[in-house]
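Input: a single structure, listed below in structure tokens.
Chain identifiers are assigned alphabetically (A, B, ...) following the order of the sequence lines, protein sequences preceding nucleic acid strands; residue numbering begins at 1 within each chain. In what follows, every heavy atom counts, from backbone to side chain, and hydrogens, waters and symmetry copies are set aside.
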There are 2 protein chains.
Amino acid sequence: MPDLRVEQPKSLVAIVEERLRNAIIDAEMRFGASLSEEALSEALGVSRTPVREALARLQLQGLVTIVPKKGTFVFAPTEEDVAELCVFRYMLETQALRECMSKARAAALAAMNDALAAMEAALAGGTRHDYARADTVFHEVFFQHCGNRYLGNAYRGVSGRVAALRTHLSVPLEGEQERSMAEHHQMVEAFAAGRLADLDSILHRHIMRAWDAYADVLRSGGDPV
Amino acid sequence: MPDLRVEQPKSLVAIVEERLRNAIIDAEMRFGASLSEEALSEALGVSRTPVREALARLQLQGLVTIVPKKGTFVFAPTEEDVAELCVFRYMLETQALRECMSKARAAALAAMNDALAAMEAALAGGTRHDYARADTVFHEVFFQHCGNRYLGNAYRGVSGRVAALRTHLSVPLEGEQERSMAEHHQMVEAFAAGRLADLDSILHRHIMRAWDAYADVLRSGGDPV
DNA sequence: GATCTCCAGTCCGTATGCAAGATACAGGAA
DNA sequence: TTCCTGTATCTTGCATACGGACTGGAGATC
């Protein structure tokens with residue numbers, strides 16, 4: 001028998017979750033914005049049940065905050081949050097790169113180059129949101145090739161916040177894309193050459209500089225989008 | 001006004017989640033056992049809604065597997081799973097210890113000593129399950145004092161599986177508790193002395209030896225409890 | 001005996017209804 | 001004016017109902 005398997009249609013919960021996740025990440029909603037289950041269910045054309053379940057999942061990803069009997073809100077990062085998130089992100093990414101290098105170097109390098117090309121394209125001809133999305137894809141490559149599902153899961157658990165911060169906070173910064181692009185090139189070079197220590201320090205610089213930028217924006221009045 | 005605040009009663013979802021989590025971790029249910037929402041809701045005396053939500057959360061912790069339209073099952077680890085989990089656990093714990101050492105050394109040390117004493121007590125006078133629980137508490141100390149919520153969250157995301165493996169797989173092994181206890185003592189000593197490299201290697205040995213033990217049990221026929 | 005078909009039982013996905021807590025605001029008392 | 005209080009209206013928490021999808025087995029067919 002040939003393989004005729006069809007993929008399952010996504011459940012409403014999954015659809016709603018993805019839709020809301022994108023809305024938050026792409027800054028269609030501001031930090032702290034209120035989300036009523038009923039209003040959402042009406043806007044999305046489904047009942048409250050799948051909306052409710054999707055919100056519960058998003059809470060576990062840190063993208064929304066559910067306050068019992070009060071309401072659900074888009075997450076609102078504090079400076080401290082962002083700092084801890086960046087430190088954690090660095091831990092995960094540096095470990096993932098280590099695993100990539102020792103286990104799937106060629107495949108990872110190829111994927112990184114593809115992602116880099118997409119970033120260049122977005123920088124040249126796309127919007128800043130396009131660039132932010134391509135940036136997100138680049139960093140996901142590490143985890144797709146690291147060969148450890150748990151590492152990937154842990155990253156997925158924070159990737160939403162990371163991506164949201166990227167869009168909300170770095171998109172408006174002038175010159176940020178160009179600096180970021182240069183650092184990504186350096187990372188790929190170091191990876192290709194197998195210089196792990198260099199890679200680590202570039203990654204560290206990359207993430208911590210992003211943190212600085214975010215902190216500045218946060219201090220100067222929160223969500224600018 | 002004196003502080004009269006009352007704590008919120010836990011939601012049914014939280015209660016059900018905790019109850020099921022404990023049931024799985026304490027090996028009241030075997031790996032792969034089937035969990036019907038309806039049967040659970042009846043057994044727990046609540047409706048299907050909170051049960052359903054609790055199961056969704058447990059899935060994200062990797063403790064159950066939900067197969068659409070078929071049913072929900074207690075997770076069933078493969079050898080590969082366990083290997084990846086151990087590697088990941090080592091990554092998280094070593095990072096957490098590093099943070100503890102640099103940020104909250106005294107408090108962490110005190111808490112580790114407390115946890116160690118509880119383990120000794122369980123080893124001397126408790127059941128093997130008691131020891132397993134005390135072991136779990138010991139490792140949680142790292143994350144309570146590491147000062148990074150994201151690191152703690154990531155650990156919580158796998159701690160259920162770790163704890164479940166501990167109970168299901170290591171409880172039946174002869175002499176395992178004593179070896180484990182000795183290693184924990186070594187860890188605390190190294191931490192107290194600030195010997196980070198030693199600490200790392202002890203932790204690595206500790207986790208990887210546990211992995212060996214689990215793998216043996218798994219190969220010899222799965223869940224023995 | 002092997003295979004197919006149908007059916008009953010079980011499970012989940014979703015919609016909806018009701019109850020209870022939280023909040024905002026108007027209106028009255030000091 | 002200022003403070004308190006009752007109430008309308010919002011929110012979520014949970015229960016329940018219905019329908020579709022899947023599974024396993026009895027019986028028919030070859």
Side chains of B/Q95 and B/N148: closer than 4.5 Å at any heavy-atom pair? no

Is it true that B/R19 and B/E28 make a salt bridge, defined as a side-chain N closer than 4.0 Å to a carboxylate O? yes

Is A/R209 salt-bridged to A/D212, cutoff N-O under 4.0 Å? no

With a 4.0 Å heavy-atom cut-off, tell me which residues in residues 55-67 of chain B come close to DNA chain C, sorted by residue number. none

Would B/F143 and B/L92 count as a side-chain contact (heavy atoms from CB on, under 4.5 Å) here? Give the steps. CA-CA 9 Å; B/F143 297 92; B/L92 288 186; 3.9 Å; yes

If the threshold is 4.0 Å, N to carboxylate O, is there a salt bridge linking B/E99 and B/K103? yes

Parallel, tilted or perpendicular for B/H168 and B/F31, by the 30°/60° rule? parallel

DNA chain C nearest-nucleotide lookup for B/S34 and B/T49: closer to the 5′ end is B/S34

All N/O pairs under 3.5 Å across the protein-nucleotides 8-11 of chain D interface:
from: D/dT11; atom 1: OP1; to: A/S36; atom 2: OG; distance (Å): 3.4

Side-chain ion pair, A/E93 and A/R89, N-O less than 4.0 Å: yes

Grab the CZ-P distance between B/R48 and C/dT16 for me, whole Å please. 16 Å

Do other residues, nucleotides or ligands put more than 12 heavy atoms under 6.0 Å from B/E79 CD? yes

Identify whether any heavy atom of B/S11 sits under 4.0 Å from a base atom; if not, whether one sits that close to sugar-phosphate; answer base, sugar-phosphate or nothing. sugar-phosphate

How close or far is atom P of D/dA15 from atom CZ of A/R52, stated in whole angstroms? 11 Å

B/I15 CD1 - D/dG13 P separation (whole Å): 13 Å

Round to a whole Å and report the spacing from CD of A/E17 to C1' of C/dG13. 16 Å

Spacing of B/F73 atom CZ relative to D/dT23 atom C1', expressed in whole Å: 11 Å

